[in-house]
Amino acid sequence: MDSVVLVELAAISKSYGGVRACRNVDFAVRAGEVHALLGENGAGKSTLMRVLSGDLADYEGTVTVDGQPVRFHGPADAQRAGIAMIHQELDLVPGLSVADNIFLGREPRTRLRTLDRRAMLRETRNLLRRTGIDLDPRRPVGDLRTGEQQLVSIAKALSLDAKVLIMDEPTSALSVAEVDRMFTVITELRRAGAGIVYISHRMDEIGRIADRATVLRNGSVVAQFDAREMTAEGAAEAMIGRPVQTMFAHDPAAQGATLLEVDGLVVPRHRSGRRDPAGISLTVRHGEIVGLAGLLGSGRTELLETLFGAGGSWRGSIRLDGKPIRPRSPRHAVRLGLAFVPEDRRISGLALDHSVLANTVLSIVDRIARFGVVSRRQEMSETTRMVHDLRVKLGSVRDPVSALSGGNQQKVVFGRMLLTEPSLLLLDEPTRGVDVGAKAEIYQLLGRLAEGGMGVLLASSELAELVGVCDRVIVLRGGQNVAELPTAHAGEAELLAASMGEVVPL
Amino acid sequence: MTAEVVGVRRHTIRTTVFRFQSLFGLVAVFVAAILFSPSRNGELVFLSSGNLFNVVRAISEKGIIAVGMTFVILIGGIDLSVGAVLGLTAVASADLMVNNDWGVVPTVLLVLVVGLVFGLLQGVASTAFRIQAFIVTLAGLQIARGLARIWSGGQGIAISYGTDPGEAPVAFSLLGERTFNGLVPIPALIFVVIAVLATLFLRSSAFSRHVYAIGGNEKAARLSGIPVTKVKIIVFGICGLLTALAGIIHAGQLNQGSPNDGLGYELDAIAAVVIGGTSLAGGRGSVGGTVAGALLIGVLNNILSLNGVNSDIQLLITGFVIVVVAGLQRLRPAA
Amino acid sequence: MTAEVVGVRRHTIRTTVFRFQSLFGLVAVFVAAILFSPSRNGELVFLSSGNLFNVVRAISEKGIIAVGMTFVILIGGIDLSVGAVLGLTAVASADLMVNNDWGVVPTVLLVLVVGLVFGLLQGVASTAFRIQAFIVTLAGLQIARGLARIWSGGQGIAISYGTDPGEAPVAFSLLGERTFNGLVPIPALIFVVIAVLATLFLRSSAFSRHVYAIGGNEKAARLSGIPVTKVKIIVFGICGLLTALAGIIHAGQLNQGSPNDGLGYELDAIAAVVIGGTSLAGGRGSVGGTVAGALLIGVLNNILSLNGVNSDIQLLITGFVIVVVAGLQRLRPAA
Amino acid sequence: ACGTTSENSGGGGGQTTGASTKCKGTGGKYVIGMSQANVAEPYRQRMDDDIKAAAKGVPQFEVRFTDAQQDNARQVSDVENFVTQQIDLLIISPNEAKPLTAVVKSAYDKGIPVLVLDRKVEGDAYTEWIGADNTEIGRQAGKYVAEKLLPSGGKIAEIRGLAGSTPAQERGDGFRDAIKGKNIDIAVSQDGDWLRDKGQEKADAILKSNPDVQVIYAHNDPMAEGAYLAAKAAGKQDSLKFIGIDALPIPSGGIKAVEAGRLSATFVYPTAGKEAVAAAKQILVDCQQVPKTQTLQTQLITKENATEVYAKANGG
Ligand SMILES: Nc1ncnc2c1ncn2[C@@H]1O[C@H](COP(=O)(O)OP(=O)(O)OP(=O)(O)O)[C@@H](O)[C@H]1O
Ligand SMILES: Nc1ncnc2c1ncn2[C@@H]1O[C@H](COP(=O)(O)OP(=O)(O)OP(=O)(O)O)[C@@H](O)[C@H]1O
Ligand SMILES: O[C@@H]1[C@@H](O)[C@H](O)OC[C@H]1O
Ligand SMILES: [Mg+2]
Ligand SMILES: [Mg+2]
C-alpha cells in the first residue's frame, strides 16, 4: 500500500437542488490497485465518480491529479489527464457502429484528415478480443443486446489507455463467464500500474477483485476496508448502517398446481441456423420461483419477451393454468395476469422525465380510474405503498425518475409491475444495480409473493441470486433448455458448468 | 430506511413556478401591450373589451386546432395536415348546406366525422406502417388540399343564409355572431369551452396518462400494457375532429368554404403549442400552455397592428419576441 | 465460451439492402414515370436527356438546401428558416450587383457569409438558451423574411446583365445557363457537386461522427468529449451557408432577387430529407437518401406535368405516393 | 354640409352619412387603413407603393398598411383592428369577396368610408370600387394572340393564376371567348399560382410534352418571365412568343420585359392605388361624393410603346 497516489479527491461535496449527494468525501486511487466504491443505492457513488471524470463541473472540494490540483470542465479534460469512466447507464450511440462508438471524439485520422477506418477497425478488433467478445466492429451498437453493449463500453474505456479507470457497475448485465474475462483484463491493467475504481452491487465480485474498499452512506464515507480484512457481511453492514437480514428467505414448501407450461418454444427469427428445433420447455408452479440461467445471448430475455407478448413470432405452446394462451401484446399479457420487468430500465422501463408517481401507476391507471377519471387519492396511496414496500429512496414522488439513483429507478419499474397484481411475474435481471439491502428486501418480497401463490420466472446472471432465491434453475443455452437444477442440491459451480455447456450429473 | 420526504416543499414551489412558466411570456407581452397601447379618450384601446374579444376571436380557430395539435405533439407526433383539413371541412360545410340543402345538425355531424376519419386514417397509416407522422401528415396535407379542390371545383363556395334552396340555415350564421350584448364572439366561446374541456381531460383522464407515457417513452408504455397503437390512432382522430370543428367555425365566420382556406395554419398551430412550452419530443406539455401560446401570438399581432407598425417590422418584432419568450421558459432550473 | 458470430453475414446483406432502401421509392417512381411517359416520334419524352436535366435543374435549389437540412436533422434539429433565408440571400445577391455594382466574386462571398452567419446565430440562440430548434428557426424565418422585405423595399430586384451601372456582371448569368453542348444546366452541376462533397464529408470526416453521435445520443456524445455545442452551431451554419448558395443560384436562375422567394421551401426541403429515410429524431440518415428524396419528388412532379395531369389530382397522387414510398422504407425488418 | 350621397351608391344603410361625417376639410388629419390581401405578389406590393407615393402628396393623410398573407381570416382581423383604431377611411384589396363582405359592411355601417380595390366584395356596403375588368383583359390578350401572333391559327399553352382566384378564372374565360373560332388550340393549361418559379417549372414540362406550342399565355408577368426562362434554357426563346398581364412599371416588371424583348406583349392591370388616394382626398378633404364604381382601362404594351409608358408611369 505504498504505491503512488494517482488521483485524490479531497472534501468533495455536491448537491442536486436540495439533495446532498456527496458530503465532504475524501477518496484516493493508487497505482496498481483496484479500489472498490461501495454503498447502497443513492449513496453518491456515481456522483462522486462523475466529479472525478469531469462530467460534473460544479462541486465543492478539490481534485488532485499527480499532485496537481485540477478542475475539469468536461469529460474530455479528464480523459486528457488520463482518467476514463465507464458509465453506469450505458452511454453509447445506437446508430453508430461499434468501432465508431469506441473512437467517438478521438477518431484516428489519415494524412488527409479523413477518418482512418482501417485503423479504427483494426484497433477495435484488438480491443474486442481483449474484452473477450467476438463482434463485427461495423455492427450498429443499437443492434446489440445489453450485455454486448456493456462489453463495448468496456472496450471503449480500455481504448483510452487511462491511468485511472472508473468502472461504474460494469458487470451488471454480464454473466459469470464474461465477468471472469473482464477480471482478467482488470488484472492486466493493475499489473501495468493503472488504478481502477470499481463500483458494483455484486458483493462476490468485490471479494474477488478489490484490494481496498471505501463505503459511502448518505453521501459520506463511513468505512474503509483492506481486502484482507473485509467480509461481505461487514461491508454490507457498513453500507446500510445495520446488520443485513437474511438474504434469502423463501420457503419452497408451499407450492401449488402448475401455473405456466411452456412446450417446445422456438423463436424462429434465429438466423444462426444452429437453433435446435426442440426449443424451450419448462413449467412454473404456483408459489414457485424458477430461475433462468445462461450465458450472454442464451435466450433468456427472448423467452421472457415472448411470454409477455413483446417478442417477435414464435412457435410452440404456452399454457397458463392449463389453458393455452398466445400473448399478442404486452397489454394482452397483462390482462392474462403476466407482469414483466425488462432488463434495461432506461430504454424499456421508464419515462425518465416523468415523475415517480406517473411511472409507478402507469400500468394501473385504468384500474384506479372511475368513468375514465384517475383517482388522485388512489394514485398517491398506491405509489406511496410501493415506495414504502420496496424502500425506494427519493425526495418526492413528484420528482422526475431521472433524479433517482440507478437502483432506485429499477425499484420503480419493479413496483409498477407488482401493482398489476399478476399471477406470473417475469423478471429479467430484476436486481441489476440494486444494492444488497434492497436486494434482500426484493428477495423477501418475492418470497412473500410466491407464498401468496404467485409464480415467478427469474432470469439472472448472478448465480448467487439464482441459487439463493429460486426453487429450481433452468439453464438455457443456444435457445433451448439444457439442464434443470433444483437449488436444494446444486450450487453456483454446477450452474456455471451447465451454462457453459458441460453435462452436469445430478 | 423509510422513504425520505424531504423536498416536498421545495418541490411545491418549483411546481408552482413551473405551472405558470408557460404564462411568463404571455404576461410579458400583455404588459408590453398595455404599455404601448394607443389610448382614446383616456381609455386604453388595447384593453377595451371589444378589442380583447377581437383578439380571442381572431385566435379561436387556430387555438382549437392547436389544442388538438397538443395531443399529437404530446405523443411525440406532429400533424401537418391541419391547415388543409380545415380547408376541406370548410368546403364540406358550405357544400352540404348550400348545394345539398342539409340542415345545420347533420352538416356539423358529418363534417366532424370527416375530420375525425381523416385523422384516424392518418393515425392508422403512421402506426400500421410505422411511418414518421411528419411524412404521413405531409401527404395528408396534399390529399386533403386536393380533395378540397375537387370537392369545391376549385372555387370558394359562398354561404348566404335563408330558407331557399342554395341558402344555408340561418342558425349557422350564429357562428359569425356575438352574444352577451353583442360582446362575446361565439367562436371565442367555443374555443374557451374546448380549451377547458381539454385541460380537464388531460389533467385527469386515464387516457391522458397513456398519452403522456407514450410521448415519454413509447417502449416503456408498451411494456406497461398500454395499447400504444390504439391511443396514437385516437389522438390523431382527436386532432382531426377539432380541426373539423375549426373548419366549421371558419366557414361560419367567413361565410364561405374555400379550398385554399387554412393555408399555413399548421405552422401557426404548432408554434402556439411549442411556444406554450410543450416539447416536440413528446411527453411534456399542457393545453394551458398552448392557449397561452396562441394568446401570446394573438396579442402580439393585435398590439402591433393597433400601433400601425409596418408589416415588415412586425415580422422582425414577432421573430425576436418568440425567441425571447422561448428563452424565458428555459429559465427553469434543469430537473 | 466465445460469443456466437451469428448474423455477420446476415448483417452484411441487411446493410446492403438498407443502403439502397432509400432508393426503392425513387426506383419505383422512376419506373412508373417511364411507363407513363408520353412518347414523341417513338422516343419517351420523360427519358430524353433534356427532360431529365430539367428535372435535376428543377430540384437543384431545394436539393442543395435539403443537403444542409440533412445535417441539421441528423443532430435532431430542424431549420424552418431556409425558405426565408433563400429569399434574403437572393435579394442580397441582386441588390449588391445591381444597385451597388459589386462584382460576382465579392457578391457571392458576402452572400455566403450572410447565410453562414444567419445559421450560426440560430445555432447559438438554440444552444445557448437551450431553445428547441423549431422555435428558434421559426423566429428566424420571420426575421429573415422581414429583413429581405426591408432590404428590397418589398419588390423583387430585377437582374439584367452587362457592364453598365445597374447591370450585373455577365459572369453571373452563367447560373442560368447550360454547359456541355447546352445540355447540362449549371445549377444541376452545382447540386451534384455539393451532394457528392457532402456525402464524402458525412462518410469520412470525424466531424460527421460527432454529428451522428449528437443526434443518436447527445449525452453519450458529451461524455465522449465531443464539443456538442460547437458542433451544433456549426451544423446550423452549414445549413445557412448552403441555403445562401441556393439563394445565389435562385437569383441567377430567375434573373431576380425577390423577398418572397423561397416561400414554403422549408417543408419541401424537410420532406426530401425525410422521404430519403433520415429520421427526424436525429442520428440516422444520409445525403444519398436526401438526394433520392428530392429526385423522387422532382420526377413525380415532372411526369405528372408531362401528362398534363390537373393540379388537384396531382396533389392527391403526390400525397399517396409519399405515403407508399415511406411505407416501402419501413419494410426493413426492425433492428 | 358635405354630406351628399353619390348617386351611384345603392340605397339604404349608413353609407349616406358615411362619407360625410368623416370629412373635416383641408384642416383635418386623417388616418387611412389599407388592408392588403398579401404583399408577396409584386402587383399588390406595387398597389401599396402607389398608395404610399400618392399619399405623400396629401399632407393630411397618414396611411397604415396591413398584410393579410393570403388569409381571409387574417384580413378580417386586420379590418377589425382598423375599426378599433377608429380610422377615417378604409382601403381594402380583398383576398376574396364573400369572406370580407361582412367585416367591410360593419366598418362601413360604422360610418367609415370604404374604397375597395381590384377584387370586389358582395352587396353595396362600400363607398367605391376601383379596378379593372379581368374578363376584358383576357379578351384583349386573346384578341392580340389571334390577330397579331397567330393570325392563321396555331397551338398555345396557358399558365394560369392560382386556382380558385377570380382573376385566374376571368382571364381564362375572356381569353377563350376572344379566340373562339379562330383556329387556336389551347393545347395545355397548367396552374402556375401567380409565381415566377412555378411558371418556369410548368413551362419546362410544357415544352417537353407539347414542343409544338407557339405561344405561351401566362396570367401574369412573373409567370410569363418564368416561362421565358424555361424556354431560354431549352434554346427556344426565339421561336416562342410569350405574353403576360400586369405591366408593372418597375425594373422587375412586365414593361421592362417587353422592352427587352423577352415578352411580346403585356397588358396593364392598373393597381388603382393612385386613384384610391384621389378618391380618399375627394371624400375626406374635399367633402365630395364619389361614384360607386370606377373601372380602370387596360393598355396593350408592346415593344413600340413600352419605353414611353414606363417613363410616363414613373413621372417622366
Ligand atoms: N441528476 C440528478 N438530479 C437530482 N438528483 C440526483 C441526480 N442524480 C443523482 N441524484 C441524487 O443524488 C443521490 C446520489 O445519487 P448517485 O447516482 O450518485 O447514487 P449511487 O450511489 O450511484 O446509486 P446507485 O447504486 O443506485 O447507482 C441520490 O439521492 C440521487 O437521487
Ligand atoms: N434484436 C436482436 N438483434 C440481434 N440479435 C438478437 C436480437 N435479439 C436477440 N438476439 C440474439 O438472440 C439470442 C438470445 O438473446 P437473449 O437476449 O434472449 O439472451 P440472454 O440470455 O437474455 O442474453 P443477455 O444476457 O444478452 O440478455 C442471442 O444470440 C442474441 O444475440
Ligand atoms: O399578378 C397579379 C396577382 O398577383 C394578383 O393576385 O391578381 C392579379 C394579378 O395580375
Ligand atoms: Mg450509481
Ligand atoms: Mg437478457
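As the structure is a prediction and not an experimental result, all values here were calculated from the model. Chain A is the first sequence line, chain B the second, and so forth, proteins listed ahead of strands; every chain is numbered from 1. Computed from heavy atoms alone, side chains included, the values below leave out hydrogens, waters and symmetry copies.
Proximity to chain A is absent for every atom of B:Phe201, based on heavy atoms less than 4.5 angstrom apart.
Between atom CZ of residue A:Arg370 and atom OG of residue B:Ser204 there is a gap of 14.5 Å, rounded to the nearest 0.5 Å.
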Can you list, pair by pair, the side-chain donor-acceptor contacts under 3.5 Å of residues 356-365 of chain A, counting residues two or more places apart and other chains?
unit_1	atom_1	unit_2	atom_2	d
A:Asn359	OD1	A:Ala351	N	3.0
A:Asn359	ND2	A:Ala351	O	3.0
A:Asn359	ND2	A:His354	O	3.3
A:Asn359	ND2	A:Ser355	O	3.1
A:Thr360	OG1	A:Val356	O	2.6
A:Ser363	OG	B:Ser224	O	2.9

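Per-residue counts of heavy-atom pairs under 4.5 Å with chain A were compared for B:Ala221, B:Gly283, B:Ala220; the largest is that of B:Ala220. Taking chain B as the reference chain and counting heavy-atom pairs below 4.5 Å, the highest number among A:Val334, A:Val373, A:Val413 is found for A:Val373.
In terms of heavy-atom proximity, B:Arg209 sits nearest to A:Arg376 at NH2-NH2, 4.2 Å. Taking each heavy atom of B:Leu223 and A:Phe308 in turn, the nearest pair found is O-CE2, 3.3 Å. Looking at every heavy atom in both residues, B:Lys219 comes nearest to A:Ser348 through NZ-OG, 3.3 Å.
Contacts between residues 415-423 of chain A and chain B, defined by a heavy-atom separation under 4.5 Å, are made by A:Arg416, A:Met417.
Side-chain atoms of B:Arg222 do not come within 3.5 Å of backbone N or O of A:Pro330 as any donor-acceptor pair.
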